[in-house]
Amino acid sequence: MPEDPPTRLRFAPSPTGALHIGGARTALYNWLAARHSGGELVLRIEDTDRERSTGENVEQILDALRWLELDWDEGPVSQASRADRHAEALKRLLESGAAYRDSATAKEVEAWKAEHGAGSGYRGTPVTEPGAAVRLRVPDEGETVVDDLIRGPVRFPNRSYDDFVIARGDGSVLYNFAVAVDDAEMGIDEVVRGDDHLSNTPKQLLVLAALGHEPPRYAHLPLLHGPDGKKLSKRHGAASVQELRESGYLPAAVRNYLALLGWGTADDTTLMPTEELVRRFRVEDVGKAAAIFDEKKLRWVNGRFMRELPLEEYAEAVARHLGRELDDRLRGACAIAQEKAQTLDEVWPLIGFLFEPPVDDEKAWAKVMKDGALAALEAVRSALVEVEAFDAGAVEKALEPLPGRLDAKPGRVYQPIRVAITGTAVSPGIFESLAALGRDESLARIDAALARLRS
RNA sequence: GCCGCUAUCGUCUAGGGGACUAGGACGCCGGAUUCUCAGUCCGGAAACCGGGGUUCGAAUCCCCGUAGCGGUACCA
């Protein structure tokens, strides 16, 4: 594989809300590309729309990136803070005649188009009044070509583009202008962003050309959709990074899964630690078709990561997620539950009985506590009293003979224990569970169940 | 409307003219692991959007159609 030169990229979210999965994937791809090439990643906040850009939103995005463990080398740079640079560039274009002031209203533009045909972009007439918006002159002839890293050359006829507005009447600049100026002045050499920007790229190219800047390379990622095939939104459950965190996913698993959404390896490797992602990722290999976010697969990936974690790290993650102090009891609980949970959220239901009284699950009781349950529990009790070292192995050895002796299926003996000590019909292995609970508490719970059975 | 992008199992994808009776993964279905659930292992069903070309030969190239998506703001 040929070495890629160090590349300078940027992730430039607009702080209009939480970081969604689509944005997270864009951030990840930028990060992977930067780290893969040994280059740099700049974080720029696209906040020229001051209405929607709140500090709170910005903080949310930084928070999401930190949780995902995607670091950046520069920034966050506020685009709004670069207003003087934008003004300077704007002035240059006005002076060179590449841009002009035009007082046309939206309705007037519409009327112009009706007159000139739908395929023609609006062309205004320069005015001198200072309060008018500034438009960039777009050539009537020729085409602007975006040489996309993912899609190849994409050609756009210049004629179909309006002389678009690059600055408002009050002098503040618009997105497509600010982005072009910033990317150039910040020395960005590769722009990796969502597909929804592809049609805007010719505008940015036109601005760059008018300013005499060399354009960066562009890569437009296919969009992400929800399970219904529609654009991803809050409707789709865990759509934001915050929600993913709250649902108990591991950052490394999320990175792995997100990387696979639109990108894959030739050998179909599915599970990859982040270092491998960094080593193998190339934007050129990203697919062209939109992908659907499938939480089922994320769950599976997450489960695999959870099971492969060293116990201490696993316990730390669980403790953090539960907001509990990490002590030996929790470590022990994690040890018996690690094989069974796919997300951090699923851990507590499995181990809660070690910290709290048995839950009240009437259905489980009704299903299990009948027939020979009383006799079984009595036998279990006597056997447990005799166990010397109360560990899982010893407990197993003590209980193993019971089904045979009682002439009952194992389930008839073990399920009543489970319901007695946890209250539910689902828990980690019964021997491990008893051992983790300890002899005294186990016997107390079995006694309580026996009392209830006899009443 | 106009400009543009995309199209392989339900989902993520491999595939870049013969290696394809189209491979892998998630999910699903069935079986095994004679304590639940989960996990693990084994097996199974499941796709090249449609139509024309090009070619000895097309999932792969071209055209048309269809569908989905994006852009078309003094939003980003």
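Proteins come first, then strands; the chains are lettered A, B, ... in the order of their sequence lines, and each starts at number 1.
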Derivation of the salt bridge (Lys or Arg N to Asp or Glu O under 4.0 Å) call for A/Arg445 and A/Glu441: CA-CA 6 Å; A/Arg445 291 185 185 189; A/Glu441 183 60 23; 2.7 Å; yes

Derivation and outcome, salt bridge (Lys or Arg N to Asp or Glu O under 4.0 Å), residues A/Arg10 and A/Asp182: CA-CA 10 Å; A/Arg10 48 53 154 205; A/Asp182 290 346; over 6 Å; no

A/Gln79/A/Arg82 under side-chain hydrogen bond (donor to acceptor under 3.5 Å, both in side chains): CA gap, chis, key distance, verdict: CA-CA 5 Å; A/Gln79 191 165 54; A/Arg82 296 178 39 84; over 6 Å; no

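Within the 4.0 angstrom heavy-atom criterion, no nucleotide atom of any strand lies near A/His220. Using a 4.0 Å heavy-atom criterion, one finds that A/Arg101 contacts no nucleic acid atom at all. Using a 4.0 Å heavy-atom distance criterion, A/Lys367 is classed as making no nucleic acid contact.
For the pair A/Asn158 CG and B/G71 C1', the computed distance is 16 Å after rounding to whole Å. Separating the CD atom of A/Glu110 from the P atom of B/C74 is a distance of 11 Å, rounded to the nearest angstrom. Going from atom NE2 of A/His225 over to atom C1' of B/A67 covers 13 Å, rounded to whole Å. B/C75 atom C1' lies 11 Å from atom NE2 of A/His197, rounded to whole Å. Rounding to whole angstrom units, CD of residue A/Gln204 and C1' of B/G71 are separated by 12 Å. Atoms CZ (A/Arg418) and P (B/C35) sit 10 Å apart, rounded to a whole Å. Regarding A/Leu224, its CG atom lies at a distance of 15 Å from the P atom of B/C69, rounded to whole Å. Between the P atom of B/A73 and the CD atom of A/Glu108 lies a distance of 15 Å, rounded to the nearest Å.
When both distances must be under 3.5 Å, the Watson-Crick or G-U wobble mate of B/C35 does not exist. As the counterpart of B/A22, no nucleotide is assigned, since no Watson-Crick or G-U wobble pattern has both distances under 3.5 Å. A 3.5 Å limit on both hydrogen-bonding distances identifies B/C28 as the Watson-Crick or G-U partner of B/G44. In this structure, B/A67 and B/U6 make a Watson-Crick or G-U wobble pair, each of the two defining distances being under 3.5 angstrom. Nucleotide B/C61 has B/G53 as its partner under the Watson-Crick or G-U criteria, with both atom distances under 3.5 Å. Under the Watson-Crick or G-U wobble criterion, with both distances below 3.5 Å, B/G1 is paired with B/U72. As the counterpart of B/A14, no nucleotide is assigned, since no Watson-Crick or G-U wobble pattern has both distances under 3.5 Å.
If A/Ala106 and A/Ile430 are placed on RNA chain B by their nearest nucleotide, the residue sitting closer to the 5' end is A/Ile430.
Of the listed nucleotides (B/A73, B/C26, B/A76), B/C26 has the atom at the smallest distance from the side chain of A/Lys296. Out of B/C35, B/C26, B/A73, the shortest distance to the side chain of A/Phe431 is found at B/C35.
A donor atom on one side chain and an acceptor atom on the other are not found under 3.5 Å apart for A/Tyr175 and A/Asn200. Using modelled atom types, one finds a donor on one side chain and an acceptor on the other under 3.5 Å when comparing A/Ser172 with A/Arg168.
Across B/A76 and B/G71, the matching C1' atoms stand 13 Å from one another, rounded to whole Å. Atom name C1', nucleotides B/C48 and B/U8: the rounded distance is 4 Å, in whole Å. Nucleotides B/C5 and B/G10 are separated by 27 Å at their P atoms, to the nearest Å. Distance check on atom P: B/G4 versus B/A22 gives 36 Å, rounded to whole Å. Comparing the C1' positions of B/G15 and B/C61 gives a spacing of 15 Å, expressed to the nearest Å. The separation of B/A59 from B/G23, taken at their C1' atoms, amounts to 13 Å, rounded to a whole angstrom. As rounded to the nearest Å, B/A25 and B/A14 have C1' atoms that lie 11 Å from one another. When the C1' atom is used for both B/G18 and B/U60, the distance is 11 Å, rounded to whole Å.
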Footprint string (nucleotides 4-15 of chain B, 5' to 3'): B base within contact, S backbone only, - free, heavy atoms under 4.0 Å: SSSS---SBSS-

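Sorted by first and then second residue, the salt bridge (Lys or Arg N to Asp or Glu O under 4.0 Å) pairs involving residues 351-370 of chain A (not counting sequence neighbours) are A/Glu362-A/Arg452.
Between A/Asp162 and the choices A/Lys113, A/Arg135, A/Lys203, the side-chain hydrogen bond (donor to acceptor under 3.5 Å, both in side chains) rule is met once, by A/Lys113. Each of A/Phe293, A/Trp300, A/Tyr249 was evaluated against A/Tyr257; a single residue qualifies, A/Phe293, per the ring-ring contact (aromatic ring centres under 6.0 Å, His included) test.
Aromatic ring centroids of A/Phe431 and A/Tyr414 lie under 6.0 Å apart.
Between the base of B/C37 and the side chain of A/Lys340 there is a donor-acceptor pair shorter than 3.5 Å.
The side chain of A/Arg304 places no N or O atom within less than 4.0 Å of a non-bridging phosphate oxygen (OP1 or OP2) of B/C26.
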